[in-house]
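Some notes on the structure that comes next.
Note that ligands are numbered from 1 as they come in the structure, with each ligand's atoms numbered from 1 the same way. The model shown is predicted, which means the values in this text are computed figures rather than measured ones.
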Amino acid sequence: MGKTLTEKIIEQHLVEGTLERGSDIAIRIDQTLTQDATGTMAYLQFEAIGITRVKTELSVSYVDHNTLQTDFKNPDDHRYLQSIAAKYGLYFSRPGNGICHQVHLERFARPGKTLLGSDSHTPTGGGVGMIAIGAGGLDVAAAMAGVPFRLKMPKIVNVYLTGKLSDFVSAKDVILEVLRRIGVKGAVNKVLEYTGPGIKTLSVPERGTITNMGTETGATTSIFPSDEITKEFLEAQGRGDQWIPLEPDEDAVYDEKIEINLSEIEPLVAEPHSPGNVKTVREIEGLQVDQVCIGSCTNSSLRDLKVVANILKGKTVAVNTVLTISPGSRQVVDHLIRSGEFAYFVEAGARILENACGPCIGMGLAPKTNAISLRTFNRNFLGRSGTKSAKVYLVSPETAAVSAIEGKLTDPRKFGEFPKIEMPKTFINVDNMIIPPLPPEKAKEIEIIRGPNIKPLPEFNQLPDKLEGEVLLKVEDDITTDHIMPAGAKILPLRSNIPEISKFVYNVIDPNFPERALEKNGGFIVGGENYGQGSSREHAAIAPKYLGIKAVIVKSFARIHLANLINFGIVPLTFENKEDYNKIEQGDHFEIDLITLDTGKVILKNLTKNIEIPLTHSLSETEIEVLKAGGKLPYIRQKFS
Ligand code: MIC
Ligand code: SF4
């Protein structure tokens, strides 16, 4: 029986387990990446593991999220990260060099390798045929220490592409089409593997856009084969020697199949406040737009910004609209400057931002009250832009650029002729802002530099046999980590200070939550489906843990958040009967006996309502051990040192 590409790469990296779907497996990790907002915590944990040098083939530390420096905190973190990279043998991509996923695709991603990143959009690397997975910082720290990464063997979904995209329709519309079909929980514990004649019409950056935003379907990762197009891209990046051909067997067997004819896709848009609320642009065209933001790890490649530049050429941004552009990397900017296309942004009146995440994570450029903001980004969760009353719509670069000129949401096909863009045969390699690892003898001499905001990770106790307390919060379906642990210019700088950041847990939904949790000595959170969708930020587990959250009881979990809860000793439980969710109210008093955890079932006693509710879980034996040890850090210390 033939194999899928996913199976081939996973099999080559398998340390434990089999390819049986849903079983617990452990894989060897070749590469890791971190970014600054998750990286400081990840490296504090790496230090706590006590290894002298990273054990991966390649590990890169990027600075791209926390680049708005309103006080000392962010630059202190950058300095800390730089000293860590020098001491432990990592590459360090300096602030301003670009967004981790864009730079990694350009300079480091390699077909056939595994990549674990402390950012949920790490699957961007799947654009060159690698298994690239997002995870919490502690899992990435462990991978840097040589610990295999554990996951459930995902189901493999074949996304079979035929046809060819029309002018003004691009890769973003393809992933929006996938989201339209399967929604934000459609691919939890699945890999989206792209094949079919249509893939030959997509360049590597376009494939990267699709695998990047595959994260919004809940997928473990997304992957394209490594073919002639991949070869050309790597050669143009001066990395032709890293190319290997990789594809699924012709008779590969997939668990599911989705067929998409690229020729039939039209410009799409995701309405507030979920990337899964997809409509055609035609359906809601005409909406006045106050702000248009172009960039992010989804749509900031040279291909995308060239298209935008040429749409803007000779035009002016509409009077009541603000246009921002945040390029993905210095390589992208360098090309645009040398080709003269950068001038089109400037002349059109775009506000040019740093090569960083910027407005995507609410780091500046928050929209005005009740604004309509059109963004080429991948997420439009409530409040993420920094303005709770703003409505964020996700679109392609083509739709964004044309709408910026018109001042209203416009189907870009009305623009006229599609600008012909020319991609360089060879990219300018601007690696002078990437500091390579120091040799071990030199690395030893490096001192780690810590700013006053960098606080050690709090120690957490071992798990007791019985959990007791109140339901501190009851929430609905599709709660994101942006609800649980918001980001933005005010909160992100606190990422290396758990006591401080914990004051903002659930800030968008219930600003009194932290105070109540501390006052009641902790308790429980009850939720619906897909709890914890979105980012990899482990602060969405560490900070609730710090506030005393003992267990989270929901209908279903998103993958990365589930792993993060386990890593920090919060018990993740699910209802055996989903309707039991309705039998619980905020304020109810619970008692949960964990003695039976190993059997896969536990009983929740709702003392307030005087009822018993059966709960279940998907925890592996190792995960139960981790929980019992009080989290992954004490567990690793016990086991590996
Ligand atoms: C995001 O897009 O939500 C982030 C910010 O990149 C996060 C990581 C973080 O919270 O630092 C992610 O996607 O994992
Ligand atoms: Fe940065 Fe936004 Fe991409 Fe997250 S989704 S890595 S915040 S650009």
Side-chain angles (χ1 to χ4, degrees), residues 33-42 61-68 74 77 81 93 98-105 116-125 132-137 139-140 172 175 208-209 211-216 218-219 275 293-301 304 324-329 353-365 375-386 392 394 480-489 491-496 501 504 532-543 558-561 563-564:
L33 73 76
T34 57
Q35 39 88 341
D36 48 338
T38 53
T40 43
M41 198 44 74
S61 172
Y62 293 92
V63 177
D64 55 0
H65 282 64
N66 264 336
T67 53
L68 199 65
N74 292 342
D77 282 359
L81 293 171
S93 173
I99 306 174
C100 55
H101 308 303
Q102 174 66 27
V103 177
H104 206 83
L105 194 67
L116 196 71
S118 64
D119 191 281
S120 66
H121 292 105
T122 302
T124 313
I133 303 178
D139 283 326
V140 177
K172 179 62 154 285
I175 190 61
T209 294
T211 57
N212 170 288
M213 203 172 165
T215 298
E216 271 50 67
C293 300
I294 295 175
S296 92
C297 56
T298 321
N299 280 128
S300 60
S301 67
D304 285 346
T324 74
I325 297 178
S326 26
S329 70
L353 307 177
E354 250 194 301
N355 314 325
C357 302
C360 177
I361 193 56
M363 286 307 252
L365 267 298
R375 301 176 161 214
T376 66
F377 308 165
N378 47 34
R379 289 183 175 151
N380 56 351
F381 303 142
L382 180 73
R384 183 175 159 105
S385 65
V392 175
L394 306 174
T480 72
T481 54
D482 279 86
H483 292 106
I484 306 170
M485 187 70 263
I491 305 174
L492 266 185
L494 303 172
R495 284 285 179 95
S496 34
I501 206 168
F504 297 93
Q533 71 158 314
S535 84
S536 70
R537 65 188 71 149
E538 56 193 354
H539 301 74
I542 311 175
R559 178 187 63 87
I560 310 179
H561 186 60
N564 285 336

Under 4.0 Å from ligand 1, counting heavy atoms only, is it the side chain of H539, its backbone, both or neither? neither

Which one holds for I361 and ligand 1: side chain close, backbone close, both close, or neither close, with close meaning a heavy atom under 4.0 Å? side chain

Specify the closest pair of heavy atoms between L365 and R375, including all atoms of both residues, with the distance to one decimal. O-NH2, 3.8 Å

With a 4.0 Å cut-off on heavy atoms, does Q35 reach ligand 2? no

Hydrogens and angles aside, do N212 and H101 bring a side-chain donor and acceptor to less than 3.5 Å of each other? no

Would you please say whether a donor-acceptor pair under 3.5 Å links the side chains of N66 and D36? no

Would you say that [X] contacts [Y] through its side chain, given a criterion of any heavy-atom pair below 4.5 Å between the two side chains?
{"X": "Q35", "Y": "V63", "result": "no"}
{"X": "S326", "Y": "E354", "result": "no"}
{"X": "K172", "Y": "D304", "result": "no"}
{"X": "L353", "Y": "P359", "result": "yes"}
{"X": "Q533", "Y": "T481", "result": "no"}
{"X": "R379", "Y": "E216", "result": "yes"}
{"X": "L394", "Y": "M213", "result": "yes"}
{"X": "H104", "Y": "Y62", "result": "yes"}

Any atoms of ligand 1 less than 4.0 Å from a non-hydrogen atom of [X]? List them with their elements.
{"X": "A37", "result": "11 (O)"}
{"X": "H65", "result": "4 (C), 5 (C), 6 (O)"}
{"X": "D119", "result": "4 (C), 6 (O), 7 (C), 8 (C), 12 (C), 13 (O), 14 (O)"}
{"X": "S536", "result": "12 (C), 14 (O)"}

Region of [X] engaging ligand 2 - heavy atom pairs below 4.0 Å:
{"X": "H65", "result": "side chain"}
{"X": "R384", "result": "side chain"}
{"X": "R379", "result": "neither"}
{"X": "N212", "result": "neither"}
{"X": "D64", "result": "neither"}

Nearest-0.5 Å distance that lies between atom [atom1] in [X] and atom [atom2] in [Y]:
{"X": "T298", "Y": "H121", "atom1": "OG1", "atom2": "NE2", "result": "5.5 Å"}
{"X": "D64", "Y": "C100", "atom1": "CG", "atom2": "SG", "result": "4.5 Å"}
{"X": "L81", "Y": "S93", "atom1": "CG", "atom2": "OG", "result": "11.5 Å"}

Which of the numbered atoms in ligand 2 are below 4.0 angstrom from a heavy atom of [X]?
{"X": "N378", "value": "5 (S)"}
{"X": "H101", "value": "6 (S)"}
{"X": "D119", "value": "6 (S)"}

Strictly under 2.8 Å, is atom 2 (Fe) of ligand 2 approached by any N, O or S atom of C360? yes

For [atom], closest protein heavy-atom neighbour:
{"atom": "atom 10 (O) of ligand 1", "value": "R537 NE, 2.7 Å"}
{"atom": "atom 8 (S) of ligand 2", "value": "C297 N, 3.3 Å"}
{"atom": "atom 13 (O) of ligand 1", "value": "S120 OG, 2.6 Å"}
{"atom": "atom 1 (Fe) of ligand 2", "value": "C357 SG, 2.3 Å"}
{"atom": "atom 7 (C) of ligand 1", "value": "S535 CB, 3.3 Å"}
{"atom": "atom 8 (C) of ligand 1", "value": "Q35 NE2, 3.2 Å"}
{"atom": "atom 2 (O) of ligand 1", "value": "R384 NH2, 2.8 Å"}

Within less than 2.8 Å of atom 3 (Fe) of ligand 2, any N, O or S from H121? no

Judged by non-hydrogen atoms, does R495 sit under 4.0 Å from ligand 1? yes

Please evaluate residues I133 and T122 with respect to the criterion side chain to side chain contact (heavy atoms under 4.5 Å, CB included), reporting the C-alpha separation (whole Å), side-chain torsions for both, the decisive distance (0.1 Å), and the verdict. CA-CA 6 Å; I133 303 178; T122 302; 5.9 Å; no

Hey, does D482 come in under 3.5 Å of ligand 1, counting only N/O atoms on both sides? no

Using a 3.5 Å cut-off on N or O atoms only, is S118 in polar contact with ligand 1? no

Give the intermediate values and the outcome of side chain to side chain contact (heavy atoms under 4.5 Å, CB included) for residues R384 and T480. CA-CA 10 Å; R384 183 175 159 105; T480 72; over 6 Å; no

